[in-house]
J.: 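Below is a structure I'd like to ask you about.
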Amino acid sequence: MSRSSRHEARLLSVDEADLVARSHHPRLGEADDGGLAELVARLRASRDRARDISRRQRRELRGKAAPSGARAATDNTGTRRKAAVLAAAVKRASKESERRRNARARGRLITSSRRALAMKQAAGDHGLARPTSRTAHDGMQAVPNDGLAPSGALDSAGHEIARRRGGGPR
């Protein structure tokens with residue numbers, strides 16, 4: 001659900017409102033990479049603090065924890081909304097950081113691909129002098145099998161041994 005900046009400012013402290021304002025579109029694009037990383041870290045810390053306070057207040061409401069302040073918490077909806085606004089700001093800033101990281105990676109990939117293509121083109125085409133197959137222009141050629149027994153061995157000695165094992169002529 002989108003919230004107006006006035007609604008966000010009502011839920012947040014002055015420092016948190018400035019952080020969230022920096023996570024919106026025009027100012028988010030102007031930030032450098034170091035500033036963006038610092039913004040994400042500060043937003044996460046603020047979000048975690050608001051989330052922890054909201055959880056503590058919820059435990060106080062249920063009676064499972066002792067009140068941490070002078071009075072017990074009566075409601076935690078404001079703190080939950082504050083945590084939700086900060087979580088949305090973290091999501092925006094993280095998405096921008098991821099978008100920049102992907103753009104840098106894409107740029108590196110393009111650069112290395114172009115360099116590889118230039119190297120391949122500079123090397124020339126070695127495939128022109130090489131025939132397309134072993135038997136180009138000569139037709140099929142017999143390939144000798146060295147694993148077979150020498151010629152004539154199966155006709156004389158090999159058959160005789162097999163006949164003896166088989167129990168004689170059939």
J.: Between R92 and L39, does the side chain to side chain contact (heavy atoms under 4.5 Å, CB included) criterion hold? Intermediate values first, please.
T.: CA-CA 11 Å; R92 278 191 303 273; L39 175 67; over 6 Å; no
J.: Can you tell me how far the OG atom of S94 sits from the CZ atom of R44, to the nearest 0.5 Å?
T.: 4.0 Å
J.: Measuring from atom OG1 of T79 to atom CG of L11, what distance do you get when rounded to the nearest 0.5 angstrom?
T.: 9.5 Å
J.: Which heavy atom in A83 sits nearest to a heavy atom in R51, and how many Å separate them?
T.: CB-N, 4.1 Å
J.: Please report the C-alpha distance between H24 and E8 in whole Å, then the side-chain angles of each, then the deciding distance to 0.1 Å, and finally whether the side chain to side chain contact (heavy atoms under 4.5 Å, CB included) criterion is met.
T.: CA-CA 12 Å; H24 285 292; E8 288 178 349; 3.2 Å; yes
J.: Supply the atom-to-atom distance L86 CG to R81 CZ, rounded to the nearest 0.5 angstrom.
T.: 14.5 Å
J.: Do NZ/NE/NH1/NH2 and the carboxylate oxygens of R27 and D18 come within less than 4.0 Å?
T.: yes
J.: Apply side chain to side chain contact (heavy atoms under 4.5 Å, CB included) to residues K95 and E98 and explain how you reach the verdict.
T.: CA-CA 5 Å; K95 189 181 267 189; E98 181 71 18; 5.6 Å; no
J.: Closest approach of L19 and S46, non-hydrogen atoms and distance?
T.: CD1-OG, 3.9 Å
J.: Which value, rounded to the nearest 0.5 Å, describes the distance between R10 atom CZ and S4 atom OG?
T.: 9.0 Å
J.: Closest approach of L36 and A93, non-hydrogen atoms and distance?
T.: CD1-O, 4.1 Å
J.: Could you tell me whether the side chains of R80 and S54 share a donor-acceptor contact shorter than 3.5 Å?
T.: no
J.: I'd like to know if R22 pairs up with E38 as an ion pair, taking the criterion as any Lys NZ or Arg NE/NH1/NH2 lying under 4.0 Å from an Asp or Glu carboxylate oxygen.
T.: yes
J.: Decide side chain to side chain contact (heavy atoms under 4.5 Å, CB included) for E96 and H25; before the verdict, give the C-alpha distance in whole Å, the side-chain angles of both, and the deciding distance to 0.1 Å.
T.: CA-CA 10 Å; E96 174 67 15; H25 171 59; over 6 Å; no
J.: Which residue pairs pass the side-chain hydrogen bond (donor to acceptor under 3.5 Å, both in side chains) test when at least one of the two sits in residues 104-116, sequence neighbours left out?
T.: D33-R104
J.: To the nearest 0.5 Å, what is the distance between CZ on R56 and CG on L61?
T.: 10.5 Å
J.: Does one side chain, of D15 or S13, offer a donor that lies under 3.5 Å from an acceptor on the other?
T.: no
J.: In Å, rounded to the nearest 0.5 Å, how long is the span from CZ of R59 to CZ of R55?
T.: 11.5 Å
J.: What closest approach, in Å, do V85 and L12 show between heavy atoms, and which atom pair accounts for it?
T.: CG1-CD1, 3.9 Å
